[in-house]
Every structure is written in structure tokens, then in C-alpha cells.
Engineer: 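Dumping the structure here so I can ask a few things about it.
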Amino acid sequence: MESQELPYVLIDCIGGKHGVYEDHIEFLEKHFHLISMKEYLENKKSLSEKIRAIYIWYHKPVINEELLQSLPNLKIVASSGVGIDHLDLRLLSSYGVKVANTPFAVSTDTADFGMALMLASSRRLVEGYQMAVSPDTEYFPADWLGAEVSGATLGIVGMGTIGYKVAQRAKAFEMKILYHNRNQRNKEDESAVGAVYCKKIDDLLQQSDFVLLAVTLTPQTHKLIGKKELELMKPTATLINISRGLVVDQDALVEALQKKIIKAAALDVTYPEPLPRDHPLLKLKNIIITPHIGSATKKTRRLMMENMTESIKAGLTGLPIPNEVLL
Ligand SMILES: O=CC(=O)O
């Protein structure tokens, strides 16, 4: 098929050639005629009727009335990852636009990364590395005590696909697993991993050595963990966030870490991302921060791209859309 006949897809990413990996571009260009957001905005008149899909790769474009009105033939928005907090589903649906994400592609790596953060924080991996490579520090073995992960209590807030995979891994570490879901207790999953359901999040916060957040960001989970919740946690506990920065009240977290109300935090997500270089979280020692890389492995990112391509193709041909996000 000639490139001119391929469906026009608006691609929105950060940096690089469309901000995605070269081999992804190669693949995508076999299926779509890619138009970058910049190109679109500069040539709106000639392109607006041609665009039939939007491909969002780790970015948060503003898809508002103005954009939607300018794209009369838009059928589907495919968004990388699982979180779709950057999309207004009602608005999109009112324009007849479908939405798809890639929840299954990301879950294994993101769960692995939650474990990595828990282990790195408890066993002082980053501090240890810094000490090991520092030319002029003396090393005293007695200074390097960490906290055990094996046998400790892990509280998972949000046991969906990712949370459940964290629980499977935690089981192998012989952890005691607690979980809290806002809406749904899942008896099958909990018995498979030997997890104990906490109807009240407060019970989980009070009992856990590690609290791991794996919830979706919604108006209900916005700043779910604030001052009160942090104060319920043990002073020896660590907060791990692999969901969205806005699930935690960051000002309250800074205070809790400064005052040692909790022991430490390990965050793959913050708000904003990245944090401004003078942000108080970056000045603390009892924290690990990574740049939202939970799903960042070659295989997973490739699978996400393939999933998004399948969803767009299905959406444009009227077939059932894999990974469609329903309102
Ligand atoms: O943050 C990543 C995702 O939503 O999968």
C-alpha cells in the first residue's frame, strides 16, 4: 500500500523523531501516515479532515473541544500505558471517539519495578552505590543496616492487574500481604497470593512496613495519601508509588519525610514530572526517585506500540477494539 493511502494518524510524544524509538517509527510507518502535533498545528487546514486517529506516547496532550472540533474524522485515541487520567473520556465519547490503552502490556514490568523500588529503598542501594563510588569516604560496615523485605508486611493499595503481580512477587519473598481496593474485594486473587483484605485503608496503613500504591488516578484517588494517612503509617514504614504522583499529597509527604513520620519513600511518579530541580523532595536523603520508568523495557515498550497499532486499526475498520477503555 502506498504511504498516501495509509490512514493519517496524529502522533504526540516528547522529543526525537516523534519522540519514539526508531524501530517503532519503522513499524508504525508501515501502517500509518504519521503526522506530528507540530506538523498538524502548522498545517491544520490541509490536514484536519485527514486525521483519523491519535497516537499518544508518554505525553499528555490537551485533547479539548477545540482540537476535537478541528478533527471531524477522528475515530480513536490510543494511549500508551494504563493510566488515562490525561484524557476526558466523556468529552471524547461525546464526539464519538473511542479510547484504547495498553494495560496488560505494562503490568509485569511495572510490578517488577515496584519490587525494585522496595528492595532498593530498604537495602539502601542508591546510598550504597554513592558511597562505593565516592573516592574519599571511609566505609564502616556497621553503618549500613537496612530493613528486611523478606517476611515484612506489604500493604498494596489498589490490587488491579499491577497490584496483583506485585503480590505474586511479594509472596515469593514470603511477605505478609495486605491489600485495599476502593470498590471491589477480589477473593479469588487474594486467596491465590495469600493476601488479606483490609476494608479500611487505615488498617492497611497502620500495619504495613511497605505501602505500595498501584491505584488508578481518579477524582476519588486524588491525594488519597495525605497528612492523616501518612501519620497512620509506622515511623519505620516506606511509601512506594508506582501509580501517579497525584495520588499522594506531595507537600504532606515532604513534611512526613522531613519529620521522620515515615521512614522513607520510593517514587517512580511525582507531580510534576520531572520535579523542578529545587523541589524539597530532591533535597531529602530518605527518598529514591526515578523518572516514571516502571514499564520501560524494550520488550514491553514494543508490545505497547503493537497493541496501540492493533487498537487503531480495529477502531478504523469498525472491528472490536482490543484494550478499549469504556466509560
Ligand atoms: O505510567 C504508566 C502507565 O500508565 O502505564
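Since the model is a prediction, treat every value here as computed from it, not as a measurement. We count ligands from 1, going down the list as the structure has it; atoms in each ligand are counted the same way.
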Engineer: Using a strict cut-off of less than 4.0 Å between a Lys/Arg side-chain nitrogen and an Asp/Glu carboxylate oxygen, indicate whether K165 and D112 qualify as a salt bridge.
Structural biologist: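 The answer is no: the pair does not qualify as a salt bridge.
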
Engineer: With side-chain hydrogen bond (donor to acceptor under 3.5 Å, both in side chains) as the test, would you mind laying out the steps for E148 and S150 before giving the verdict?
Structural biologist: CA-CA 6 Å; E148 318 72 61; S150 296; over 6 Å; no

Engineer: For atom 1 (O) of ligand 1, what's the nearest protein heavy atom and its distance?
Structural biologist: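 For atom 1 (O) of ligand 1, the nearest protein heavy atom is H292 NE2, 2.4 Å.
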
Engineer: Is there any N or O on S243 that sits under 3.5 Å from an N or O of ligand 1?
Structural biologist: no

Engineer: Report the residues that fulfil side chain to side chain donor-acceptor pair (under 3.5 Å) with Y95, sequence neighbours left out, ordered by chain and then residue number.
Structural biologist: E65, Q69

Engineer: What protein heavy atom sits nearest atom 5 (O) of ligand 1, and how far away is it?
Structural biologist: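 Scanning the protein heavy atoms, the shortest distance from atom 5 (O) of ligand 1 goes to V82 N, 2.7 Å.
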
Engineer: In terms of heavy-atom contacts, does CD of Q220 have more than 12 from other residues, nucleotides or ligands at under 6.0 Å?
Structural biologist: yes

Engineer: Please list, in number order, the atoms of ligand 1 under 4.0 Å from a heavy atom of G83.
Structural biologist: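 With G83 as reference, the close atoms of ligand 1 come out as 3 (C), 4 (O).
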
